[in-house]
Amino acid sequence: MAILTAHELTKQYTGEEIPALNHANLAIAAGEFVAIVGPSGSGKSTLLHLLGGVDKPTSGTVQLYDTDVFALNETQLAIFRRRQVGLIYQFYNLLPTLTVQENMTLPADLDGRKIPGAELSDLLATLGLTEKAGALPSELSGGQQQRVAIGRALINHPAIVLADEPTGNLDQRNSQEIMALLRAANTTRGQTLVVITHDPAIAAQADRVLTITDGKLTGGGGNGHH
Ligand code: ADP
Ligand code: ADP
């Protein structure tokens, strides 16, 4: 069954003549691992941001199960983003003045939820960050920073994990570690995983590959055919 669907999803940025995303239809099954590929500027990040509720479409809808994401009010939308969506970026987007542990627990803290000590230790250990819990992001390598970002994305056990070129700034060894962590979330915890990538080796691991060219999505499934 589909967990995440997009119907005729369109984004036209103000002042732009051509839509960045043009009537995209998409249905992603619960537990699916989907890769999104396409040239730079084709609309991949735009689609990911709309799916995660971090940007609003010009028209069209996104549904998580039966929730119409953009029908939520701002408060509900903020809660939706914290609890249902884990977002991972190419350049980590950690808060520089917070420690590793503080960055990781931020989405739970914002929800007023205290992570049990054992759960936090387990997550730090899984991510290879036990020794770094009190360190600042500036004291970490790129691969370590991305592991913190994964911890932050997973802390609230979101239904969907959205990653925008998560290995784009990393060497091959770190890339493989990051993908192994994301795939473990997908295969062992059943979290739905959507990854934008330029790496054919990563796309080859996915259950399905979507292609975007000039804002046009292909391979999305969904009910775009009338
Ligand atoms: P990709 O992720 O495939 O590189 P993007 O979704 O980032 O593509 O961008 C798609 C198009 O939308 C590009 O032409 C880009 O310049 C434009 N774009 C992206 N974000 C904005 C924005 N905030 N304002 C105006 N144009 C944007
Ligand atoms: P990528 O190509 O790796 O997806 P970009 O550098 O195109 O990333 O975009 C990064 C962010 O910068 C986008 O998510 C968007 O918010 C902003 N952006 C991109 N293109 C434009 C644009 N033409 N005008 C304004 N903001 C943009």
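The shown structure was predicted, so the numbers you read here are calculated from the model rather than taken from an experiment.
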Pair Arg113, Asn156 - check side chain to side chain donor-acceptor pair (under 3.5 Å), show working. CA-CA 9 Å; Arg113 191 168 71 85; Asn156 280 344; 2.8 Å; yes
Before giving the answer on side chain to side chain contact (heavy atoms under 4.5 Å, CB included), spell out for Val195 and Phe33 the whole-Å C-alpha distance, their side-chain angles and the decisive distance to 0.1 Å. CA-CA 8 Å; Val195 177; Phe33 169 18; 3.8 Å; yes
Working for side chain to side chain contact (heavy atoms under 4.5 Å, CB included), residues Gln76 and Asn73: CA-CA 5 Å; Gln76 294 167 326; Asn73 67 34; 3.3 Å; yes
For a side chain to side chain contact (heavy atoms under 4.5 Å, CB included) check, start with the C-alpha distance between Leu94 and Leu98, then their side-chain angles and the critical distance, and finish with the verdict. CA-CA 8 Å; Leu94 302 177; Leu98 299 187; over 6 Å; no
Evaluate side chain to side chain contact (heavy atoms under 4.5 Å, CB included) for Leu136 paired with Thr97, printing each intermediate quantity in order. CA-CA 7 Å; Leu136 292 172; Thr97 61; 5.8 Å; no
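For Asp207 (side chain) and Val34 (main-chain N/O), no donor-acceptor pair under 3.5 Å exists by modelled atom type. Using a distance-only test at 3.5 Å, with no hydrogens or angles considered, a donor-acceptor pair links the side chain of Asn25 to the main chain of Glu8. The main-chain N or O of Leu129 is never found under 3.5 Å from a side-chain atom of Gln144 such that the two would form a donor-acceptor pair. Checked by atom type and distance alone, the side chain of Thr188 never pairs as donor or acceptor with a backbone atom of Ala185 at under 3.5 Å. Looking only at distances, a side-chain donor or acceptor of Asn186 sits under 3.5 Å from a matching main-chain atom of Gln191. A donor-acceptor pair under 3.5 Å is formed between the side chain of Thr192 and the backbone N or O of Gly31. A distance-only check finds a donor-acceptor pair linking the side chain of Gln12 to the backbone of Glu16 [under 3.5 Å]. When atom types are taken as modelled, the side chain of Gln63 and the backbone of Leu4 share no donor-acceptor pair closer than 3.5 angstrom.
Atom CD1 of Ile36 is separated from atom OG1 of Thr211 by 10.0 Å, given to the nearest 0.5 angstrom. Remark: Ser45 OG to Gln90 CD distance equals 9.0 Å, nearest 0.5 Å. Here the CE-CD1 distance, from Met179 to Ile150, works out to 8.5 Å after rounding to the nearest 0.5 Å. How far CG of Leu87 is from CD1 of Ile160: 8.5 Å, rounded to the nearest 0.5 Å. Between the CD1 atom of Ile155 and the CD1 atom of Ile115 there is a distance of 4.0 Å, given to the nearest 0.5 Å. With rounding to the nearest 0.5 Å, the separation of CD1 in Ile196 from CD1 in Ile202 is 12.0 Å.
Hydrophobic clustering of Ile, Leu, Val, Met, Phe, Trp and Tyr side chains at less than 4.5 Å, counting indirect connections, keeps Val37 apart from Val161. In terms of hydrophobic clustering, with Ile, Leu, Val, Met, Phe, Trp and Tyr side chains grouped at heavy-atom distances under 4.5 Å, Tyr65 and Val62 are assigned to a common cluster. One hydrophobic cluster holds both Tyr92 and Leu127 under the rule that ILVMFWY side chains link at heavy-atom gaps under 4.5 Å. In this structure, Leu51 is a member of the same hydrophobic cluster as Val69, with clusters built from ILVMFWY side-chain heavy atoms closer than 4.5 Å. Residue Leu162 is grouped with residue Val54 when hydrophobic side chains (ILVMFWY) are merged at heavy-atom distances under 4.5 angstrom, including chains of intermediate members.
Residues Val100 and Leu140 have side chains in contact (heavy-atom distance under 4.5 Å, counting atoms from C-beta outward). Annotation: side chain of Thr105 is in contact with side chain of Leu120 (closest heavy-atom distance under 4.5 Å). Proximity of Asn174 to Gln146: side-chain heavy atoms (C-beta onward) are nowhere separated by under 4.5 Å. Side-chain contact between Ile3 and Leu64: present, with at least one pair of heavy atoms (C-beta onward) separated by less than 4.5 Å. You'll find the side chain of Leu21 reaches within 4.5 Å of the side chain of Leu50, heavy atoms only. In this structure, the side chains of Lys56 and Leu77 come closer than 4.5 Å at one or more pairs of heavy atoms. Between Arg152 and Pro107, some side-chain heavy-atom pair lies under the 4.5 Å cut-off. Using a 4.5 Å heavy-atom threshold, the side chains of Thr67 and Gln84 count as separate.
Summarising the geometry of Ser175 relative to Leu170, their closest heavy-atom pair is OG-O, 3.4 Å, with the distance given to 0.1 Å. Of all non-hydrogen atoms in Thr10 and Pro19, the two that sit nearest each other are CG2-CB, 4.3 Å. Across all non-hydrogen atoms, the minimal contact from Ile212 to Lys44 is CD1-CA, 3.9 Å. Taking all atoms of both residues into account, the shortest heavy-atom contact from Leu217 to Gly220 is CD2-CA, 4.3 Å. Shown here for Ala163 and Leu182, the closest heavy-atom pair between the two residues is CB-CD1, 4.4 Å. When every heavy atom of Gly52 is checked against every heavy atom of Arg81, the shortest pair comes out as O-CG, 3.4 Å.
Under a cut-off of 6.0 angstrom, the local environment of CG in Asp68 is crowded, with over 12 non-hydrogen atoms contributed by other residues, nucleotides or ligands.
Checked against Leu9 for a side chain to side chain contact (heavy atoms under 4.5 Å, CB included), the options Thr61, Leu47, Thr58 give a single hit: Leu47.
Salt bridge Arg183/Glu177: absent, no basic N to carboxylate O contact under 4.0 Å.
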